Amino acid sequence: MRQSRIFLPTLKESPSDAEVASHKLMLRAGLIRKVAAGIYNLLPVGLRVIRNVETVVRREMKRAGAEEVLMPSVLPAELWKESGRWDFYGKELLRLKDRHGRDFCLGPTHEEIVTDMVRYEVRSYKQLPLNLYQIQTKFRDEIRPRFGLMRGREFIMKDAYSFHATDECANAEYQSMHDAYSRIFEGCGLEFRAVEAEAGNIGGSFSHEFMVLADTGEDAVVSCTTCNYAANVERAEIRQPKDEVLSKENLPTIEKISTPNKKTIEEVSEFLGLSKAELVKTLIYEFKKDKDEKGLVAVLLRGDQDLNEAKLMRVLEANEVTLATDALITEVTNAPTGFAGPVGVSISVYADFGVRELSSCVVGGNEVDIHLKNVVPERDFKAKYFDLRIATEGDLCPKCDGVFELRRGIEVGHIFKLGTKYSESMGAKFLDENGKEKPMIMGCYGIGIGRIAAAAIEQNHDENGIIWPFQLAPFKVHIVLVNIKDEESVRVGTELYEAFTEKGLEPLLDDRKERAGVKFNDADLLGLPVRIVIGPKTLAEGSVEVKERISKEASLVKVKDAVGEVLSLLKL
RNA sequence: CGGGGCGUAGCGCAGUCCGGUAGCGCACCGCGUUCGGGACGCGGGGGUCGGAGGUUCAAAUCCUCUCGCCCCGACCA
């Protein structure tokens, strides 16, 4: 492609609403432009990158035996009502009505529609297993879209769905997808980690996320420093220290202390001159189980630790947990928010293991402006103890003797063992070899295509611009003509351009009427793997300059050796 | 949805407090010089100041409403 003709608008300054490197660079290098919050145009060069990601994904999906389909992006509400998610999915589901007033939504994911597609056609175990995937535009009306393609509302996703007759078969497919995903992210030149994850809205029995490690990642993951256990902090289990028999003898008795208007952990710890770990916070939670069964619990955590709501939900076997309203808290504790405590409350008390490790602590007094000190767990209140907190640096690994380290990651892929959640609710059944009707066992496997591109930039850039991994690079070789008025330069440039094209290497020829400095800066911004500079200065000796984007040094190479040199640099 | 902030030329911003000819840098167009790391000179084009109402002789500026965008939080494949 000739740069004088391509639609590639680069920017010297980044628009003020871009925060992270990938977003800024995608705008500056002319890959994307914003249309609305979380909605982008993909410009030619941006599209090329997306296509390259898709190529890697298709190659590995094919290799893993999956078949490509394409489902619609506008979906009828009835399917969503059938699975129960029409009411459950919340505002993230963008709902619309057609001219007849019928309900539709823009597809945020396609479990319902794919299950619907398969249930009418598959009758027998002989037709299973199946793995169908698509690469398609999704829409999720995110509360807060941000960071460009990293968290858009409209985005391109590869989503695959598998159907199986047996659990073993489904598990094998899960593993096969796990392997395929690893090859995909390797194929995209990314440093990543597969971690155990929460299944969230999609549901299912277990799941893994594929995280590209980057400081700007939105997710936190812990990984064990000694074994290979790694998990999203939302998921990570924490091993409890050995039960030491804490002496509960000879401890001072409870004492009421006045803490006027000191409500938060920060305020109380500062006021009393105690560390946060010596305080215990009491959260009043409302929970819902199936069939409108509701209840309230008090949840205790050490002041320096945070609740993991997913763990609480599991312990309570609840579908939904929400922090109680101020009014409810007052009703239950007889005190305004900020003074709740476990001593003498009427509702059941669930506590994180971390609380039991304290010999005594400070808690809310269930009375205005009062806290209690010298409160001894077990002696002064009863609670059921569980692992309820969010894992963090230094927590103990559940699989070995190690401890966790904390890293940030960008979730680029997520695989789920769904089980029969959708096949049961939607009646996707088959006859097994004994003629017995059973629900299909399902899995689903997603990859954020645009997010991979963004993650690749997060992981591979410097102060001058992008440094594309070879596989994703929109062009592979950048041929820069320093002076387009020099006929010899143009001749050699064109010759090399044709030679690379013949090798299938997709060169970009900078034949613009610009000064050299402008071209060099644009080349660094755009970040193609190899740059060849052609100008009268080196051409006088029959040489051109060859430089990899990652390296600082350029080398002079004879014109006739240029193609070979580039191929060897790229290890092709 | 709660808290904070911002909408002025394609991009980055000043002007708003204190009403009185709409500005600066980059980008763009023309001419000339320059030409291997974001050149310089001269000349030029481009704005319903997010929108609607109001106050006023006069509104980018003051008042009311509204729309959009960004950040933090809660939430989320």
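None of these values were measured; they are calculated from a predicted model. Computation of the quantities below employed the complete heavy-atom set of this structure, encompassing side-chain atoms and omitting hydrogens, waters and symmetry-equivalent molecules. Each chain gets a letter, A, B and so on, in the order its sequence line appears, and its residues count up from 1.
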Report summary line: 5'-most contact on RNA chain B (nearest-nucleotide basis), A:N464 vs A:E142, goes to A:N464
Query raised in the report: Roughly how far apart, to the nearest Å, are B:U8 and B:G51 at atom P?
Result: 10 Å
Query - Span that lies between the C1' atom of B:G19 and that of B:C13, in whole angstrom - result: 23 Å
Report summary line: By the Watson-Crick or G-U definition, both distances under 3.5 Å, B:G10 is matched with B:C26
Requested in this report: Tell me the partner of B:C62, counting only Watson-Crick (N1-N3 plus N6-O4 or O6-N4) or G-U wobble (N1-O2 and O6-N3) with both under 3.5 Å; none if nothing fits.
Outcome: B:G54
Find every protein N or O atom lying less than 3.5 Å from an N or O atom of nucleotides 27-31 of chain B, and list the pairs.
none

Query - Nearest-nucleotide comparison on RNA chain B, the residue closer to the 5′ end among A:L539 and A:K91 - result: A:K91
For residues 143-155 of chain A, which side-chain donor-acceptor pairs fall under 3.5 Å, sequence neighbours excluded?
| from | atom 1 | to | atom 2 | distance (Å) |
| --- | --- | --- | --- | --- |
| A:R146 | NE | A:E218 | OE2 | 3.2 |
| A:R151 | NE | A:E218 | OE1 | 3.0 |
| A:R151 | NE | A:E218 | OE2 | 3.4 |
| A:R151 | NH1 | A:E142 | OE1 | 2.8 |
| A:R151 | NH1 | A:E142 | OE2 | 3.4 |
| A:R153 | NE | A:A37 | O | 2.8 |
| A:R153 | NH1 | A:D141 | OD1 | 2.9 |
| A:R153 | NH2 | A:A37 | O | 3.1 |

Requested in this report: Report yes if at least one side-chain N or O of A:R144 is closer than 4.0 Å to OP1 or OP2 of B:C72; otherwise report no.
Outcome: yes
Query - G-U wobble or Watson-Crick pairing nucleotide for B:G36 (cut-off 3.5 Å, both distances) - result: none
**Report entry** Sugar-phosphate, base or nothing in reach of A:R531, heavy atoms under 4.0 Å
**Finding:** base
Report summary line: Separation of B:G37 atom C1' from A:R549 atom CZ, nearest Å, is 13 Å
**Report entry** Results of side-chain hydrogen bond (donor to acceptor under 3.5 Å, both in side chains) for A:S223 - residues two or more places apart only
**Finding:** none
Report summary line: So salt bridge (charged side-chain N to carboxylate O under 4.0 Å, His left out) across residues 478-488 of chain A, not counting sequence neighbours, yields A:E488-A:R491
Query raised in the report: Within the structure shown, what part of the strands sits under 4.0 Å from A:G535 by heavy-atom distance: base, sugar-phosphate, or nothing?
Result: base
Requested in this report: Could you work out the separation of B:G20 and B:A60 based on their C1' atoms and round it to a whole Å?
Outcome: 13 Å
Report task. Examine the side chains of A:S162 and A:H164 and answer whether a donor and an acceptor come within less than 3.5 Å of each other. Result -> yes
Report summary line: Ranking B:G36, B:A39, B:G12 by distance to the side chain of A:V518, first place goes to B:A39
Requested in this report: For B:G2, give its Watson-Crick or G-U wobble partner with both distances under 3.5 Å, or none.
Outcome: B:C72
Report summary line: Closest to the side chain of A:I143, out of B:C76, B:C1, B:C70, is B:C1
Query raised in the report: For A:W80, is the NZ or CZ atom of A:R95 found under 6.0 angstrom from the centre of its six-membered ring and inside 45 degrees of the ring axis?
Result: no
**Report entry** Side chain of A:A37 (C-beta onward), nearest among B:A77, B:C70, B:C35
**Finding:** B:C70
Query raised in the report: Counting just side-chain N and O atoms, does A:K34 come under 4.0 Å of either OP1 or OP2 of B:C70?
Result: yes
Requested in this report: Give one of base, sugar-phosphate or nothing for A:K519, where a contact means two heavy atoms less than 4.0 Å apart.
Outcome: nothing
**Report entry** Contacts of A:E270 that satisfy side-chain contact (heavy atoms from CB on, under 4.5 Å) - sequence neighbours left out
**Finding:** none
Report task. Could you pull out the closest heavy-atom pair between A:E111 and A:T109, with the gap in Å? Result -> OE1-OG1, 2.7 Å
Query raised in the report: Which nucleotide, B:G36, B:A77, B:C71, lies nearest any side-chain atom of A:R146?
Result: B:C71
Report summary line: Scanning all shown strands, the Watson-Crick or wobble mate of B:G45 with both distances under 3.5 Å is none
Query raised in the report: Which pairs with one or both residues in residues 4-31 of chain A pass salt bridge (charged side-chain N to carboxylate O under 4.0 Å, His left out), sequence neighbours excluded?
Result: A:D17-A:K34
